[in-house]
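The structure displayed is predicted, hence computed values, not measured ones.
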Amino acid sequence: MEEKFATFLVKNGLLTEDQLREAMREKRETGQRLVSVLNRLEMVSESKLLAQLSNLYGMEVVDVDYIIPSKEVLELIPAAKAYHYEVLPVERKGRYLTVAMVDPTDISAIEDLRFITSMEINPVLAAESSIREALDRYYAMEKGIAEVKEEDVAATRELGVEDMELLETEFEEDLEETKLRADAEGGPVIRLVNFFIADAVHKEASDIHVEPFEKKLRVRFRIDGVLTEQQPPPLNLKAGIITRLKLMAQMDIAEHRLCQDGRINILVGEKMIDLRVSVIPTLYGEKVVMRILDRSSLMLDLAKLGFGPGPLKIFLKAIESPYGIVLVTGPTGSGKTTTLYSTLSRMNKPDRQIMTIEDPVEYNLHGINQIQVHEEIGLSFSNALRAFLRQAPNIILVGEIRDSETAEIAIRAALTGHLVFSTIHTNDAPTTVNRLIDMGIKPYLVSSALVLIQAQRLVRRICKSCKEKIKVSDKLLEEAGIEPGTFENNEVFRGKGCSTCNQTGYKGRIGLYEIMPISPTIRTMILKGKSADDIRKLAIEEGMRTLRDDGIDKIKQGVTTIEELMRETASF
């Protein structure tokens, strides 16, 4: 088989006959594979070898630096065999195991792996150097990380690097790109970065924060909306870790003074994970925040997001309006995007044209035309929205109303036969009206266009594995602004803390919703310029459930706790 590949290389002009003879002689003397010999003697570059192997055998080429196999997949092939054949198990689907290989012509290796795993082997191509590094990374990953940390801490103390922190920080500003790249591509750095990403995905975190300080590189995960600190990596790997993340996000690694944004697509186990990366310069280096977008965890069923039967019925009636504007409001991280994506998925039918303008597009929705904002080339929310109207859409999603121009175009689109969805940052539903008027929108336009305003928050769910009933004191109820007697015998539920929830007592999150349909009486109040308090009172009289009301209902149902209600809502 190798002779066939050698002939193929000569035929395509990548090797001369003399080079081939020399390579075959070296192969016989060293016992190495032909691809290894050609790469080591620099007769053919590794990238060209991969391309030619792919063409000859019709095999896919993968970059194992961007794949994180699950622990279960790695355990299918013993370390000794993986090193011997230089193979890396990548993914399992049913009885098929995808394995990255240096040499796909090694039939004996494939047969041996089939016997060991009792599975059908699907070979794919990968660079020899990448596979060797990956083997060192993934086989005994956790043990390797512990060893790296102990060795680096010991070395730090021995060399007195802790006392040279200021000098190290100044030196990093002048590091050459080649030095940065070398640090970032070292085995310990790659292992640590991949471990943190895999660990964050396993713990169902929504964000990873990598924050440099004077004597520490802090790593925190946002789990169920709360930041939790992780074991910090060695300080002397700070530059390498941050540079590695910038390389993966295809950023300029030589630029340390400006903010940068990028994305990383990576396979963790069998999950395709999209990381939205933001880098900003700070006093002691660059801070990196990665937003984890897990397509498999996107919940598109409105009923499962936390809507009660009554509010859900009102919301569904509003989104079936032929025209008008529906606004979802709340702070960053309150689940507005998930609510809107779920809404669009429900409305996505062949007879409707749906268009979105977002910054950024977080998830791809099949059958919906999604556009990414590019302010630097003039593709803003307002400009894209103007263009949308010439495309005759039925439904429009504007990611966020940030300025008066976007607000006015969205409202005018709603008044000319389009159903418009958007988000805006306000504390509750009634204050949204005043926010639009403060942006310069005439009250009569706001009154005519609005169909419904929904405010929302996310609170943590009580862990089902350690849920228990407790009795709360009147003092706690008073602090929370809850009337005595709201809960029967003052009994509520909490999570005791277990291995399932990492001893937090919480697992997952659920939404609190405040839904205010724009009734004829509320339209009249908007026209008259009434205050948010007046609108709120009328809405409550007409049946609106506030965020606190919804939260208290969920406490009674044993879904969340009084502490979560206090953290996310105001008592008034």
With rounding to the nearest 0.5 Å, note down the distance linking [atom1] in [X] to [atom2] in [Y].
X: L512; Y: L565; atom1: CG; atom2: CG; value: 7.0 Å
X: S278; Y: R291; atom1: OG; atom2: CZ; value: 12.0 Å
X: I223; Y: C501; atom1: CD1; atom2: SG; value: 11.0 Å
X: I510; Y: R457; atom1: CD1; atom2: CZ; value: 16.0 Å
X: L340; Y: Q454; atom1: CG; atom2: CD; value: 8.0 Å

Check this for me, if you would: do [X] and [Y] make a salt bridge, where the nitrogen-to-carboxylate-oxygen distance has to be below 4.0 angstrom?
X: D224; Y: K203; answer: no
X: E214; Y: K216; answer: no
X: E468; Y: R494; answer: yes
X: R218; Y: E211; answer: yes
X: D274; Y: R263; answer: yes
X: R461; Y: E564; answer: no

With a 4.5 Å limit on heavy-atom distance, are the side chains of [X] and [Y] in contact?
X: S465; Y: C498; answer: yes
X: F315; Y: T343; answer: yes
X: R567; Y: V459; answer: no
X: T282; Y: P212; answer: yes

**Partner of E286 by side-chain hydrogen bond (donor to acceptor under 3.5 Å, both in side chains), out of K246, R257, Q260** = K246
Please find the pair of heavy atoms, one from [X] and one from [Y], that lie closest to each other, and give the distance.
X: P78; Y: L76; answer: CD-O, 3.9 Å
X: L275; Y: M290; answer: CD1-SD, 4.2 Å
X: S342; Y: L305; answer: OG-CD1, 3.7 Å
X: G551; Y: T560; answer: O-CG2, 4.3 Å
X: L135; Y: Y83; answer: O-OH, 3.1 Å
X: H366; Y: N348; answer: O-ND2, 2.8 Å

Under 3.5 Å, is there a donor-acceptor pair between the [X] and [Y] side chains?
X: Q456; Y: T339; value: yes
X: E128; Y: S130; value: no
X: Q372; Y: Q370; value: no

**Asked** For H202, does the NE2 atom sit with more than 12 other heavy atoms under 6.0 Å from it, leaving out its own atoms?
**Response** no
**Asked** Is the number of heavy atoms from other residues, nucleotides or ligands within 6.0 Å of CD (Q250) greater than 12?
**Response** no
Name each donor-acceptor pair under 3.5 Å that joins a side chain in residues 109-120 to protein atoms two or more places apart or in another chain, with its distance.
unit_1 : atom_1 : unit_2 : atom_2 : d
E111   : OE1    : R114   : NH1    : 2.9
E111   : OE2    : R114   : NH1    : 2.4
D112   : OD2    : K81    : NZ     : 2.9
D112   : OD2    : Y85    : OH     : 2.7
T117   : OG1    : L113   : O      : 2.7
T117   : OG1    : M119   : N      : 3.3

**Prompt:** Could you go step by step and tell me if E563 and Y506 meet the side chain to side chain donor-acceptor pair (under 3.5 Å) rule?
**Reply:** CA-CA 12 Å; E563 290 77 10; Y506 298 98; 4.6 Å; no
**Prompt:** What do the steps show when you test R92 against E72 for salt bridge (Lys or Arg N to Asp or Glu O under 4.0 Å), and what is the final call?
**Reply:** CA-CA 9 Å; R92 175 181 180 176; E72 292 74 17; over 6 Å; no
**Request:** Might you work through the side-chain contact (heavy atoms from CB on, under 4.5 Å) test for I292 and I208, ending with a clear yes or no?
**Result:** CA-CA 8 Å; I292 301 174; I208 303 172; 3.9 Å; yes
**Message:** Please enumerate all residues that pass side-chain hydrogen bond (donor to acceptor under 3.5 Å, both in side chains) together with E60, with sequence neighbours excluded.
**Reply:** none
**Message:** Under the side chain to side chain contact (heavy atoms under 4.5 Å, CB included) test against R244, which residue among I253, L192, L237, D65 passes?
**Reply:** D65
**Request:** Fit a plane to each ring of F221 and F196, take the angle between them on a 0 to 90° scale, and name the class: parallel (under 30°), tilted (30 to 60°) or perpendicular (over 60°).
**Result:** perpendicular
**Prompt:** Looking at the rings of F213 and Y284, which for Trp means the six-membered one, are their centres under 6.0 Å apart?
**Reply:** no
